[in-house]
Amino acid sequence: MTVGAAQSSLGGSWRLVNLNGAAIIPGTEITAVFGDGGRLSGSSGCGAYSAAYQLNGSSLSVGSLSGSGQVCDQPAGIMQQEQLYQTVLASSSGYTLEGNQLTIRSARGQLTFERSG
C-alpha cells in the first residue's frame, strides 16, 4: 500500500472504543480525525487536540499534541483517561487497519478505534 493509499484509507473520523485493553469511561467520547495534509485532530474526552502525523507503510508517528487546556471534573477519572490517551497517541509507532477498525500501537499502550464517518 502506498503512503497516499494509506492516508486515504486512514483518513476520516474515528471513535475510540478501547484504551490499553479497557473500555473508555461511559459518557465520554474520544475521537481522532485524520485529515488532509498530515493533520490530526479530535477530542480527547474533555478537551480538543491537534497534531501533525506521518505515515510510512505501517508506521505512524504523531507530532507534539497541542490541546485546548480545558479541565473537566466529571465523570470521575476523565482527566486521567485523557492524559493516558494523549500519552499513548503521542508515542505511536505503528497501526493496523482492518475493515472499520483502526488499532494504533505505541510503547505506552494500544488504542482501538471504530470508523465513525
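Numbers for residues simply follow the sequence, beginning at 1.
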Check against side-chain hydrogen bond (donor to acceptor under 3.5 Å, both in side chains), S50 and S41 | CA-CA 4 Å; S50 64; S41 62; over 6 Å; no
Is there a continuous path of hydrophobic side-chain contacts, each under 4.5 Å between heavy atoms, that joins [X] to [Y]?
| X | Y | answer |
| --- | --- | --- |
| L111 | I78 | no |
| L65 | L60 | yes |
| V33 | L10 | no |
| I24 | V17 | no |
| W14 | I25 | no |

Under the side chain to side chain contact (heavy atoms under 4.5 Å, CB included) criterion, do Q110 and T103 qualify, and how do the steps go?
-> CA-CA 7 Å; Q110 182 171 294; T103 302; 3.4 Å; yes
Nearest 0.5 Å please: distance from the [atom1] atom of [X] over to the [atom2] atom of [Y].
| X | Y | atom1 | atom2 | answer |
| --- | --- | --- | --- | --- |
| Q86 | S44 | CD | OG | 4.0 Å |
| S43 | R15 | OG | CZ | 12.5 Å |
| Y49 | E82 | OH | CD | 10.0 Å |
| S9 | F34 | OG | CZ | 10.5 Å |

Between the side chain of S92 and the main-chain N/O of G94, is any donor-acceptor distance below 3.5 Å?
-> no
Donor-acceptor pair, side chain of Y53 and main chain of G35, under 3.5 angstrom | yes
Please tell me if the side chains of [X] and [Y] come closer than 4.5 Å, counting only heavy atoms from C-beta onward.
| X | Y | value |
| --- | --- | --- |
| L89 | L40 | yes |
| N100 | E114 | no |
| S13 | R115 | no |
| R105 | T96 | yes |
| Y95 | L102 | yes |
| C72 | Q70 | yes |
| F113 | N18 | no |
| T31 | L16 | no |

Given the rule in the side chain to side chain contact (heavy atoms under 4.5 Å, CB included) test, do I30 and Q81 qualify, once you have shown the distances and angles that lead to the verdict?
-> CA-CA 10 Å; I30 297 176; Q81 175 181 267; 3.7 Å; yes
Which heavy atom of [X] sits nearest a heavy atom of [Y], and at what distance?
| X | Y | result |
| --- | --- | --- |
| S64 | A51 | O-CB, 3.6 Å |
| N20 | R108 | ND2-O, 3.5 Å |
| P26 | P75 | O-CG, 3.9 Å |

